[in-house]
Structure formats: structure tokens, C-alpha cells
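Structure record follows, encoded as C-alpha cells.
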There are 4 protein chains.
Amino acid sequence: MRSESSSFLGRARRDQIVRATIELLADVGYGATSLSAIAEKIGASKGVVSYHFAGKDELLTQVVNSVLQDAAAFMAPRVQTASGAPAKLRAYVQANLQFLGEHRDDIRALTAILTSLPPGSDGLPVYAAAGRDAVEALATLLRTGQDTGEFRDFTPSVVARSVRAAIDAVSELLNVEPDLDVSAYARELLALFEPGVLA
Amino acid sequence: MRSESSSFLGRARRDQIVRATIELLADVGYGATSLSAIAEKIGASKGVVSYHFAGKDELLTQVVNSVLQDAAAFMAPRVQTASGAPAKLRAYVQANLQFLGEHRDDIRALTAILTSLPPGSDGLPVYAAAGRDAVEALATLLRTGQDTGEFRDFTPSVVARSVRAAIDAVSELLNVEPDLDVSAYARELLALFEPGVLA
Amino acid sequence: MRSESSSFLGRARRDQIVRATIELLADVGYGATSLSAIAEKIGASKGVVSYHFAGKDELLTQVVNSVLQDAAAFMAPRVQTASGAPAKLRAYVQANLQFLGEHRDDIRALTAILTSLPPGSDGLPVYAAAGRDAVEALATLLRTGQDTGEFRDFTPSVVARSVRAAIDAVSELLNVEPDLDVSAYARELLALFEPGVLA
Amino acid sequence: MRSESSSFLGRARRDQIVRATIELLADVGYGATSLSAIAEKIGASKGVVSYHFAGKDELLTQVVNSVLQDAAAFMAPRVQTASGAPAKLRAYVQANLQFLGEHRDDIRALTAILTSLPPGSDGLPVYAAAGRDAVEALATLLRTGQDTGEFRDFTPSVVARSVRAAIDAVSELLNVEPDLDVSAYARELLALFEPGVLA
DNA sequence: CATGAATGAGAGTTCATTCAT
DNA sequence: CATGAATGAACTCTCATTCAT
């Protein structure tokens, strides 16, 4: 099925497989997410997955892209709507946590894949790129605020990395406390970071 | 595995195996750290590993414990020596980053294991316990500072989790920038967090 | 597969499939000549091949027959035209080499199939029949020459098999030396065999 | 088992596996010679084969080398003992046919492998090398005879290829006529070729 | 006629584990 | 203590075939 024909049925099957893969990754982890397990979950034979995806790699890539696109589609408008660097930062944190709360399986699946991929040939983790992109985007936001004098003088990459890490940590917390009030958590995070960031 | 024999030789062999496992985990990742690879690395047969450890699980548990104990042994005196909550927090962050810088393989191995272990039977990640302990210890420190009026009124677990996450993020950064000045990074982290934490 | 329909379109499709199969066999070998590869080569779906041929076996049989018929159609008039056993033998060798030179893919495909088919249920190679027929035809020619006194007294089947083998060996040589002068090679072959054959 | 320790047991097992593989190749052909079939034949699990050989490739390479070495060991002394090019040629043909008669399975296995391997990346069959070596060795013998004036003036490579092909053809014949008198056949071959070769 | 979807068997390979020596 | 041998399960992937549309 190399055709991008996007025949309705083919598309639906692929989506179904991606969804099943996400749920498995979230539920049983990377190691237990085999093609057999995926096939069983959708009530089909093993060959179906191989038919719709060139291989496990393509499937996992699809999962990663799917989640990243969803996240970007959710985040972008909320951050861009806000005016001024401080407001954008608030929107960034709040939107992030809201997305985390609403897409737990997706995030767990993403994490499972990214942390389980073997180190690349250069010795660096494969996911370094994805992570670095996210940090870089936030750093740019921070740098903009520094240029306008809204933010203090700090090293943007350090703060960006720390804020992102603090946000990502919520994902794990959600596994333990499913009823967490993510909105309140976002306010607490901002209360923690804003004093050190705002001018 | 008459493990209680604790003969000198047996102890040495176990340590050697644990070290080899740590290096492999750091170098080639969880997936490529097979018993054969470990055996090959120490120039022995596969059976040796199975002989000294009940199974792969016990070996990995040993690796985790080993690293956690080293970290605790390094951290504890530095934090306890400092007097006053703010000083203890500074010591905590600085000692943490110093340890990260000096034990990169250990940390990478630890991360590889903890992020790759499948979710436990209760659906929660196995490493939740270890992580929770670390956060809880820091939260206690923060709570103490709040009791003495040295720290503001925030939710200790939220701040503790965020600080830990910011610290842990440095581990990945070290893979990309091996020459990172961890001491300077620690100062930047404190400059970021202290305004939001100190009373 | 309503194969007796022999509609123009159906006939054309079958021929197209057979041609594609021959090219694949010649280019990538027996093992890589899958139904998918054939379908891809003609820009159609896998089902097409299955529709026009009862199975892979029938397709390969068709390929073999097709090539054998072409060869027979090329050889027969050239040999029959020559008068006298020695002239027929010369025509046989020359026509054979000429055909080899002009139908390399066909020959390679034929060889790929015949050498890759599993031994038949009787333990004998499936292609034994085809090979035996070719040897037998040449042996008959030789026997005729012996009867007329033009050829020496030798065992016809031995000489026939040897001549055929020497001819077939040129097929492999053509893969290595595509510019081989087959006509000159034919003369050398005759110079080698005629002293032992002619009376 | 990468060790060349040549422990008696390991060596025996490897030999046993190679023998089983040869018999399978001879009996059921290349396509049906799977690792499972091999394992079943020696009454062991599939893993055993993988344990003793790095992969199927290494096993098949071993088979090829094993047969080629046996053949060389058989042929070399017989040819070298003969004095004079004509005698060497006679010894070559006779020894070859004798070996063919005594090692049918080996030859069938060798043929199965060499004809079934896919074309190399250069488009040429992998076995071209092995075949070319054999032809080249015989061509050298012929050339020597020409230099001494014992042989006529012909193109050595053409004659060498033809003689080799005539010899190889006997291998197939042996499948059909197991009781063939190879010694008599050798005499007939020599009677066919010598008139065209001897000065 | 043709397609895309699905199946199920079988391939080679890897791995943790067990055990006799 | 240590080894080499063996197992058996699981894995990804490929393929010929079938079938509803």
C-alpha cells in the first residue's frame, strides 16, 4: 500500500492501526508493542500491519508524526493569539498542560517511542532532534521577550530547557494522578517561573 | 547462584558485570544490551552472567540500585552540611549537576533502564517509585524551608518535580555538549528558580 | 481465470506479464521475482497476475514454454535447410549460438527457472524432461550421420550431451562478455568437435 | 560459537549440520532447504543452526567451501602425478568424473546453491568467480600443452569452457542414470575431445 | 477485467534461560 | 566457578493466494 491514494478504506485502516499502536504503547510499553499485539488488538491478522506500513519503522514514525502534528495544531493558534512575550509564555504553558491532560495516551506513546529508540549512529539519541526543536522554539520566544525588555537577562536555552522539562514531567504525574487539575498546575508552574523570567 | 557466598571473587565478578552493563546501556542503549553483549564485553561466556544473577531482571535492578546508591552517597553529605533551607537547595542543585557531569554513563544507563522498562502490572511505570522518592525528598526539603519562613508559599511537590525535571534535563544536554560547564549551569538554574522560591 | 476466452486484451495482458517476468528473472534472479515485483513492473496490481494465471506455477510454465517455442521456431528451419548431417550439425551450433546472442534475457530467465525449481516428487529435477528432449533431438541428428557414414562411431547421447553443454555454457559467458562474437565462437566450437565427430 | 576452538563437539555438530544441509539441498532443492528443515533433519531445534553458524549465508558458504575443498583435494594429486599435458588432461577428465560419481549429493548441493544465488550487485551471478576459476585452471593446462607443442592451436578458454561444461553435464545425467559407468563415460569424452585438441 | 485488502504460512534471526560437563 | 551447547519462544518481514467490490 504505497499509494497515497488515500482511499477512504485504506486511510481508515491506517488510522485504526496507528490508534491501536498508540494505545498499546501507552498501556504495555515499547517492548510489548509487537506487530502481533497490534494485529490482535484490531482483530486482524499479523500481515495487515505489514500490508499498510512498509515496516515497523514506518508505523512508529507515523505515530510520532501524528502526535507531533496534533500537538502543534493545538498549540500554535493559542500561542500566536496571545500578544506580548509574557502572555505568549503563559499561553504556551497552559496550552501545553491542557494538551497533556487531553492526550495522555498519545503522549505516553510518544515518550515510549522516543526514549526507547536506540542511540543513533553518532551516539546521540535519535529523539535529540525532536527535543531540540521544541526547546529551540521556546528559546526563541524567550529571546524575543528579552529583546523587547519584557524578560530578564538569562540564557534562553537554559530556561527553555528547564521549562520544557517541568512541563514534560507532568506527563508522568498524570499516570499517577489521573484527576490532576492541569489548569491549576499550569498556574503553579507560572508562579514558579515568572519571578525568575519577567523583567 | 549461591549469592550469599559473597566470596571475593564472586563479588568482583558481579561488579565487573554491572560495570559492563552500565557501559553498554550508555553506549548502545537498552535494546542492544543483551546478555551476550555483556558477556562478550567482559570476555566471558554467556552463562557467567546467568550464573551470577538470577536473571536479567536482577542484573538491571542491581544496576539501578548501584547507581542510586552512588548518587545518594555523593549527595547526602553535601546537602546535610549546608545549613538553612536555601543553602541546602543550592547544595542540592549544585551537587546534583556535579554528579551528573562526573557519572554520565551511570546516568545514561539509569535512564535507559527506567524509561525502557514496561509499565508495571498496575499500569504504572516501574520507575515511578524511584522517581517519586527523589521528588519526595526534595519536597520535604522545600517544606522545611516553608516552615521556617525561608521559602514562599507554593505547592512543594510541584516545585520539587519541576526542579528535578530541570536537573534531569541536563543529562541529555551532556550527551550533546560534553564540555558543558555544569557549575555555571547550576548557577543559572538557581537564578531561575530562587526568585520563585525564596520568601 | 476464464483462460479460454483468449480475448485480444487478455492475450495481450498475458504476454505483457510473461515479458515482465522474463526481464525480472534475467535481472534480479528467481528469488526476487515475486508476483508483487512483476505487478509493479507492469504498473498494475498484484491481483492482475493471479487473475491471468492460475498461479505462479502456471506463469513460470508459460515462460518456459514461450522461450522454448521461440527457440524451436528459430532453430528448426535453419537446421532443416542444411543438407547432410555435417552441415546440419554446423547449422545447429551456429543457429544455437546466434539465438543465445539475440535472446539473452530469455535464456537467462529460462536458466533461472530450470535451475531453481525444486526436484520433482520422483527426485529428479523437473527440467530433466526439457533438457533430455534437447539432447535427444541432437542425438538423433548424430545417429543419422552415423547411419550415412558421415560421422564416426561414438555414443550419440554422450556427444549430444557434450555439445549441448558446450553451447549452454556460452550463455553464462555472455553475461560476462556481452560483446562476444558468437559467430566466431561457433566456428571455434565446430573446430573443436568436428575432428572427433566426422568420419 | 564464533570460536575457532574447534572443540570436538562443536566441530562435530557443525559437520553434522553441513552434511544435513548438503543432503537436503540434493534431495529437495534450494528453496526447500530452510533452517527449520535442517534442524528437523538433525533432530534438533531451529536455534541450533543459528547457534553454530552466524546465519544461513555462513552455512551455505561453508557447504560450498567444503565441497570445493574436497574436490580440489581429490583432483590435485591425480592431475599433478600425470606427466605431459595430454596425460594431465586425461587425468583431469577421469578424476573429475570419478569424483562426480562418488560425491553426487555434494555436487548436487553445490549446483543448487550456485545456480540459486541471486545475481550479484554487478548483475553477474555470484558463482561466476568459482566457475571462472575452474575454467581458468583448465585453460592454463591447455596453454601449457600448446607451448610444448603437444596441443593444437585453439583458443584455450573456449576449449576449457567446453570441456568443463561437458563434464558438469554428467552430474545431471547421474541423477537419471545412477548406475552410469563414469569411467567408460570419461573414455568417451576423451575420444570426443582429443582429436580436436591433440597436435 | 482489475483492484485493494486481507490472510496465513513460513522464512531467518535474536534472545533469555537452562543444564551437563 | 565457568563453559558451551541447546532450547523454544518471540520477533519482523515476505510471499502467494483469495476475495469482495
Side-chain angles (χ1 to χ4, degrees), chain A residues 1-3 5 7-10 12-14 31-39 42-57 59, chain B residues 1-2 5 7 9-10 12-13 31-39 42 44-57 59, chain C residues 1-2 5 7 9-10 12-13 31-39 42 44-57 59, chain D residues 1-3 5 7-10 12-14 31-39 42-57 59:
Chain A
M1 242 275 311
R2 233 157 254 96
S3 75
S5 75
S7 67
F8 288 130
L9 291 176
R13 216 25 163 172
R14 278 177 71 98
T33 302
S34 65
L35 295 193
S36 335
I38 296 169
I42 65 174
S45 81
K46 247 183 347 177
V48 171
V49 183
S50 290
Y51 174 75
H52 286 280
F53 295 89
K56 206 186 185 185
D57 281 4
L59 172 54
Chain B
M1 227 282 309
R2 304 88 181 166
S5 77
S7 66
L9 290 177
R13 251 313 199 207
T33 302
S34 65
L35 293 195
S36 339
I38 296 168
I42 65 174
S45 81
K46 243 187 333 183
V48 173
V49 183
S50 292
Y51 178 81
H52 285 282
F53 295 89
K56 207 185 186 187
D57 283 2
L59 171 54
Chain C
M1 228 283 306
R2 302 88 182 165
S5 78
S7 65
L9 290 178
R13 250 314 196 207
T33 301
S34 64
L35 293 194
S36 339
I38 296 168
I42 65 173
S45 81
K46 244 187 330 184
V48 172
V49 183
S50 293
Y51 178 80
H52 285 281
F53 295 89
K56 207 186 185 186
D57 283 2
L59 171 55
Chain D
M1 241 272 313
R2 232 156 254 98
S3 75
S5 75
S7 66
F8 288 130
L9 291 176
R13 210 34 159 167
R14 279 177 70 98
T33 302
S34 65
L35 295 193
S36 334
I38 296 169
I42 65 173
S45 81
K46 239 183 355 173
V48 171
V49 183
S50 289
Y51 174 75
H52 286 280
F53 295 88
K56 205 186 185 185
D57 281 4
L59 171 54

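Each chain gets a letter, A, B and so on, in the order its sequence line appears, and its residues count up from 1.
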*What is the minimum heavy-atom distance between D/A37 and D/A32, and which atoms define it?*
CB-O, 3.8 Å

*Could you tell me which non-hydrogen atom of A/H52 sits nearest to which non-hydrogen atom of A/R14, and how far apart they are?*
O-NH1, 2.7 Å

For [N] and [X] - does any side-chain N or O of the residue sit under 4.0 Å from the phosphate oxygens OP1/OP2?
| X | N | value |
| --- | --- | --- |
| C/Y51 | E/dC1 | no |
| B/H52 | F/dA2 | yes |
| D/R13 | F/dG4 | no |

Atom [atom1] in [X], atom [atom2] in [Y]: separation rounded to 0.5 Å?
| X | Y | atom1 | atom2 | answer |
| --- | --- | --- | --- | --- |
| B/S36 | B/K46 | OG | NZ | 4.5 Å |
| C/L59 | C/L35 | CG | CG | 7.0 Å |
| A/K56 | A/S50 | NZ | OG | 11.0 Å |

*Upstream residue (5' side of DNA chain E) when C/S45 and D/A37 are each assigned their closest nucleotide*: C/S45

*Would you kindly compare B/G31 and C/V48 by the position of their nearest DNA chain E nucleotide and give the one closer to the 5′ end?*
C/V48

*asked:* Just the rounded figure in Å: distance from P of F/dC11 to CD1 of A/I38.
replied: 10 Å

*How long is the line joining CZ of A/F53 and C1' of F/dT14, in whole Å?*
18 Å

*When Watson-Crick pairs (N1 to N3 and N6-O4 or O6-N4) and G-U wobble pairs (N1-O2 and O6-N3) count only below 3.5 Å on both distances, what is the dot-bracket string of DNA chain E, with | for other-strand pairs?*
.||||||||||||||||||||

*For each nucleotide in nucleotides 16-21 of chain E, reading 5' to 3', give B when a protein heavy atom comes within less than 4.0 Å of its base, S when such contact involves only the sugar-phosphate, and - otherwise.*
BBB---

